[in-house]
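Quick caveat, the model's predicted, so the values are computed rather than measured.
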Amino acid sequence: MSHRNKLTLLSASILSATLTMSVPVMAETLTEAVKKTLSSNPTILAESNLSRSIDSTIDQARSGYYPKVDLNLGIGREKSDSPTTRPDHDKWLTRGESSITASQMLFDGFATKNSVDQTQSLAESAGFSVTDTSETTSLSAIKSYLDVLRSQQLLSLTEDNLERHEEINFKIKLRSDSGVGTTSDVKQATGRLSLAKANLIANTGNLTDAETNYIHVIGHQPDSLQDPSEECCKNMPATLNDAVSIAYQQHPAIRSSLADHEAALAQQSGAHAPMQPSVNLELSATANNDLDGVDGHNNDAQAMFRLRYNLLNGGADKARIEETQFLSENVKETINITKREIENDVRLAWSSLESTTSRLQYLEMHVKSSENTRSAYQQQFNLGQRTLLDLLDTENEVLTAKIDYTNTYYDQMYACYWLTETMGKLLESLEIEAPEQALAISTP
């Protein structure tokens, strides 16, 4: 990355006429575009709402620690047939029931504790998923932003190329009309002019496609975009191994998988709860009238410790324990899968950054050389020392060289952001605050 400043200055000098864009005062920077994306992207908003819903399950699980109160009321007609009522078996009474029961869990085999641990881990996983989605979406926004800039500059190159071909075509026609040039020269120049026009149409379409994708990802029409130049490639790790290590520690997808495993372990522990007794404190009171065919009130109050212990459940509890063990192992392997995918992305991004950075210096030399050759051939053509084909070939050589440079320039810039995203540090590097439900990434 040490030659980044050189490449930036070099880009300005090489593409001064064709690649430089005027930047209005109210131009939208890449960071501003990413911020707008994060605040309005429907995928992120959906993930955030899902995370909020999972947060609510924590309070649901904690409710097991608190007392429960049940009120029961009932009234109706009753006819009873028993030794007490048989002499008057046709008598109907108005039966009235009312009861209130308060129950406090004292011990439930740690079912509530494990349920709380599980939901907390799931909520943490959902938060990291929001962070992961935010990073991925931000990278997509950056790509669409850079693609518009790339397409604008490629269009500018083809416009310049068309102008030069029009000038050559005009001069060739003048020479032909004056009897100096040949008809074949006119046809040759006209053919290359047609190719230049076709290239312009193609690049105009490419820019339209890039702008359409920008609207799809970011949510509005691109307007006066700025080249981010120095904003990328800041604080890059020294080696590939350092980049992989950072990704293992910080990438939100890995952190989410780890939280999922913690949830699976809590679920596995909770599966043992039915194998243990439960103890509750129950307070109850009843106020009934005319029960079981007997006139009068029937009231009572109780304060009881109740122990319940299931002795046989057909093997369902044991099977549940085995199920959760396998589920835990499944999630554990998912962590390994995620790590492999992340490492693969880091290596690909690192390779892309190294390759494009190395190529830029040679593509710079190619641009300079082709421009110098074009100038020399123009002079030699005017002196009759070069053919029209030589002159037209140099124009195409310059166009090809500048196109290659421009594409590699933006490929390198994207590779910087891509590598940062594969390490889980994209929003951090842009100094952008993640969405509310996203969990901040910090080294464990």
Side-chain angles (χ1 to χ4, degrees), residues 49-76 78 80 93-128 258-294 296-328 331 436-437 439:
N49 284 315
L50 177 62
S51 178
R52 289 188 178 94
S53 71
I54 295 176
D55 286 345
S56 300
T57 64
I58 299 176
D59 291 334
Q60 296 178 40
R62 285 178 177 154
S63 67
Y65 287 124
Y66 305 122
K68 296 176 177 57
V69 179
D70 295 305
L71 175 66
N72 180 29
L73 300 174
I75 189 169
E78 178 191 72
S80 298
L93 298 178
T94 300
R95 181 184 178 106
E97 298 179 356
S98 62
S99 66
I100 187 169
T101 303
S103 176
Q104 173 62 57
M105 183 273 294
L106 301 179
F107 179 74
D108 63 354
F110 304 105
T112 299
K113 175 187 179 302
N114 286 305
S115 180
V116 171
D117 291 344
Q118 180 184 358
T119 54
Q120 286 177 332
S121 295
L122 289 175
E124 184 178 358
S125 173
F128 283 124
L258 290 171
D260 283 337
H261 187 234
E262 292 296 325
L265 291 176
Q267 183 185 40
Q268 181 179 341
S269 297
H272 290 81
M275 308 292 286
Q276 302 184 53
S278 63
V279 179
N280 293 319
L281 171 62
E282 295 183 0
L283 304 177
S284 63
T286 63
N288 302 319
N289 290 313
D290 301 338
L291 297 185
D292 302 326
V294 179
H297 297 295
N298 189 343
N299 302 330
D300 61 49
Q302 297 179 358
M304 301 289 294
F305 288 101
R306 298 192 182 278
L307 182 146
R308 296 178 177 85
Y309 197 172
N310 176 257
L311 300 179
L312 181 64
N313 193 24
D317 297 331
K318 183 176 181 298
R320 175 61 179 165
I321 293 173
E322 292 178 351
E323 176 194 1
T324 56
Q325 288 174 340
F326 288 121
L327 288 174
S328 178
V331 177
E436 181 182 351
Q437 289 302 116
L439 290 187

Side chain of [X], backbone of [Y]: donor and acceptor closer than 3.5 Å?
{"X": "Ser56", "Y": "Arg52", "value": "yes"}
{"X": "Ser98", "Y": "Ala287", "value": "yes"}
{"X": "Ser328", "Y": "Thr324", "value": "no"}

Extract all donor-acceptor atom pairs below 3.5 Å that involve side chains of residues 102-112 and protein atoms in other chains or at least two apart in sequence.
unit_1, atom_1, unit_2, atom_2, d
Gln104, NE2, Tyr65, O, 3.0
Asp108, OD1, Phe110, N, 3.2
Asp108, OD1, Ala111, N, 3.2
Asp108, OD2, Thr112, N, 3.1
Asp108, OD2, Thr112, OG1, 2.6

Between [atom1] of [X] and [atom2] of [Y], what distance do you get to the nearest 0.5 Å?
{"X": "Leu73", "Y": "Glu97", "atom1": "CG", "atom2": "CD", "answer": "9.5 Å"}
{"X": "Ile100", "Y": "Asp70", "atom1": "CD1", "atom2": "CG", "answer": "9.0 Å"}
{"X": "Glu124", "Y": "Asp55", "atom1": "CD", "atom2": "CG", "answer": "11.0 Å"}
{"X": "Ser278", "Y": "Gln276", "atom1": "OG", "atom2": "CD", "answer": "10.5 Å"}

Using every non-hydrogen atom in the two residues, find where [X] and [Y] come nearest and quote the distance to one decimal.
{"X": "Asp117", "Y": "Ala266", "value": "CB-CB, 3.9 Å"}
{"X": "Leu291", "Y": "Gly96", "value": "CD2-O, 4.2 Å"}
{"X": "Asn299", "Y": "Asn288", "value": "OD1-N, 3.3 Å"}
{"X": "Thr119", "Y": "Ile54", "value": "O-CG2, 4.5 Å"}
{"X": "Ser284", "Y": "Thr101", "value": "CB-OG1, 3.7 Å"}

Query raised in the report: Are Thr286 and Asp300 close enough that a side-chain donor and a side-chain acceptor fall under 3.5 Å?
Result: yes
May I have the list of side-chain donor-acceptor pairs in residues 301-322 shorter than 3.5 Å, sequence neighbours left out?
unit_1, atom_1, unit_2, atom_2, d
Arg306, NE, Glu282, OE1, 2.8
Arg308, NH1, Glu282, OE2, 3.4
Arg308, NH2, Glu282, OE2, 3.2
Tyr309, OH, Met275, O, 3.2
Asn310, ND2, Leu312, O, 3.2
Asn313, ND2, Asp317, OD1, 3.2
Lys318, NZ, Glu322, OE2, 2.9
Arg320, NH1, Glu323, OE1, 2.9
Arg320, NH1, Glu323, OE2, 3.2

Requested in this report: For the residue pair Asn289 and Asn298, establish whether any side-chain heavy-atom pair is separated by less than 4.5 Å.
Outcome: no
Report summary line: In Glu262, His261, Gln267, the residue satisfying side-chain contact (heavy atoms from CB on, under 4.5 Å) with Ser121 is Glu262
Query - Note: Arg62-Asp59 ion pair, threshold 4.0 Å (strictly below) - result: yes
